[in-house]
Amino acid sequence: MLLPMPEQPDEAPNTDVPASWWRDGVLYQVYPRSFADSDGDGIGDLVGIRERLDHLQWLGVTGIWLNPTMPSPNDDWGYDVADYLAVHPDLGTMDDLDALIAAARERGIRVLLDLVPNHTSDRHPWFVDALSGRDAPDRDVYVWAPPAPDGGPPNNWISNFGGSAWTLHEPTGEYYLAQFLPTQPDLNWWNEEVRQRFDDILRFWFRRGVAGFRIDVCHAIVKDRELRDDPPVTPDDHRELRHRSVKPVYSANRPEVHDVLRRWRDVADACADDADGDTPILVGETYVLELDELLPFYGTGRDELHLAFNFLFVHADLDADQMREIVEGVEAGLPPDAWPVYTGSNHDAGRLTTRWAQDDERRARAALLILLTLRGTPFLYYGDEIALPNVPLDAETALDPVARRTGDPSDNRDVCRTPMPWTDAPGGGFTTAEATPWLPFGDLAAHNVAAQRDDPASTLHLVRDLIALRRGTTDLTAGAYVTLDAPAGAWAYRRGDGFAVAVNLSDAPVTVEGLDGAVAIATDRARDGEPVAGALELGPWEGAVVELG
Ligand code: GLC
């Protein structure tokens, strides 16, 4: 591959952990339909992302993950892929993607795509063939089973979007599995042919300069071969599971998934870019809610995923005890070569400013300070850098298939997929003044990039300065995490020998004892540079990074 070398940061090489864009940098999730619209059709596109790379470079991110970019009927907004080797025409062309990858590399930014291996669209040619008869060549590419004796579904598995996970195909008399929409049939990962087809898909994109994949539904691609019933959910299960009737024990997270991950890791390692030694990375949507289920996705730390999204952390409250316990568990349990990853927002869970911070910007700033100072790669979601909240939207007009199915506005994922507010002008700097954006804006005057760039005290500058501090300081990238004593409601930790972080996640003022040095960056920027002699007082929802000394 002959792409330009990325700019290397100036800081001294990191001795404990190899300096790398994905371990030492900060990654950023872009929802392509909502980032920037270059052609005035109200839908964001790849050229739009390229035109906004200056923002990402200024912010200091080292990689972006693009939500699905492949052709799709958009029943589930790209997570229903109809062709794994092409670009969705709404978003542009293959040339646009190549140009984005090259332009990003020139700015030291790598591009990750979203890979959807659990299911395809029902309009994918493989499924069209599979429907043509029980003996169709691609029949076994999907999961089929005969009806139960009463003619009902083969077992009790439920769809993540509600209802049975099985759909009867009357012409052939069998049920097929679809763990999301019935138009998203699950692939059969016991079939070697499926594995080979995906090996080729990975190689195709790696050779084009794609720096890795975020892997959708990574934990659930392999299902129990015997299709055993899932057990009922119990009161001891994680609260995110309790709305379900059954716990995904046989329908997800089977041990055999690790064979596939090791296979993909081999494919990635074999595609290392000869020019700069860059190996593509695998980032899993590992939606499991117990630490002892999450950690195995790293394998030995060298042979499975590079990063396994931590949904325990995503679904924790912005609470000192809850978050500290999860981080301590990761620190104690991860193999030495593995690397944590933390995030607060995404296109499913919602935006951290609303979820964690109840639309209170002080709380959002405290959360961002934590994300950007933990030991592990932070993933920001577009808009996090300006503390963008969810945009309240009703279920009747929802474009999200989940809200359309349930009619429940709290299921509506559109609220966190709204266009990026770049300015407060009509069109928000996202699209033209005349165009109707595919989803509505929130309050453009309250949150936009341009206004925050003009304000050094803004969340945007806080995020940028935290990223710069992190990238320029080995302690904040590779340095060990050590929990420090902190009063109730607060969380304090040391990073390496040189830095401590203290955050007050409560409504009462606190004093964190035992710190000496000076405030490097505080959520209240007026405190930057303040000397710290023995104790740091923090007001409600205030946090600070302290340079020890
Ligand atoms: C993942 C995606 C989500 C999608 C689902 C089905 O959870 O993040 O957006 O709806 O998979 O593909």
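Order of appearance sets the numbers: ligands from 1, and atoms from 1 within every ligand.
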Quiz item: Side-chain contact, heavy-atom cut-off 4.5 Å: E361 with H447?
Solution: yes
Quiz item: ring-ring contact (aromatic ring centres under 6.0 Å, His included) with F441: which residues, sequence neighbours excluded?
Solution: none
Quiz item: Can you name the side chain to side chain contact (heavy atoms under 4.5 Å, CB included) partners of P378, sequence neighbours left out?
Solution: V26, L372, R470
Quiz item: Is there a donor-acceptor pair under 3.5 Å between the side chain of Y298 and the backbone N or O of W339?
Solution: yes
Quiz prompt | W189 six-ring centre to R195 NZ/CZ under 6.0 Å and within 45° of normal | solution = no
Quiz item: Considering only heavy atoms, which protein residues lie less than 4.0 Å from any atom of ligand 1?
Solution: D76, Y79, H119, F161, F180, Q184, R214, D216, V217, E285, H347, D348, R413, R417
Quiz prompt | All pairs passing salt bridge (Lys or Arg N to Asp or Glu O under 4.0 Å) where residues 397-415 contributes a residue, at least two apart | solution = D76-R413, D348-R413, D400-R413
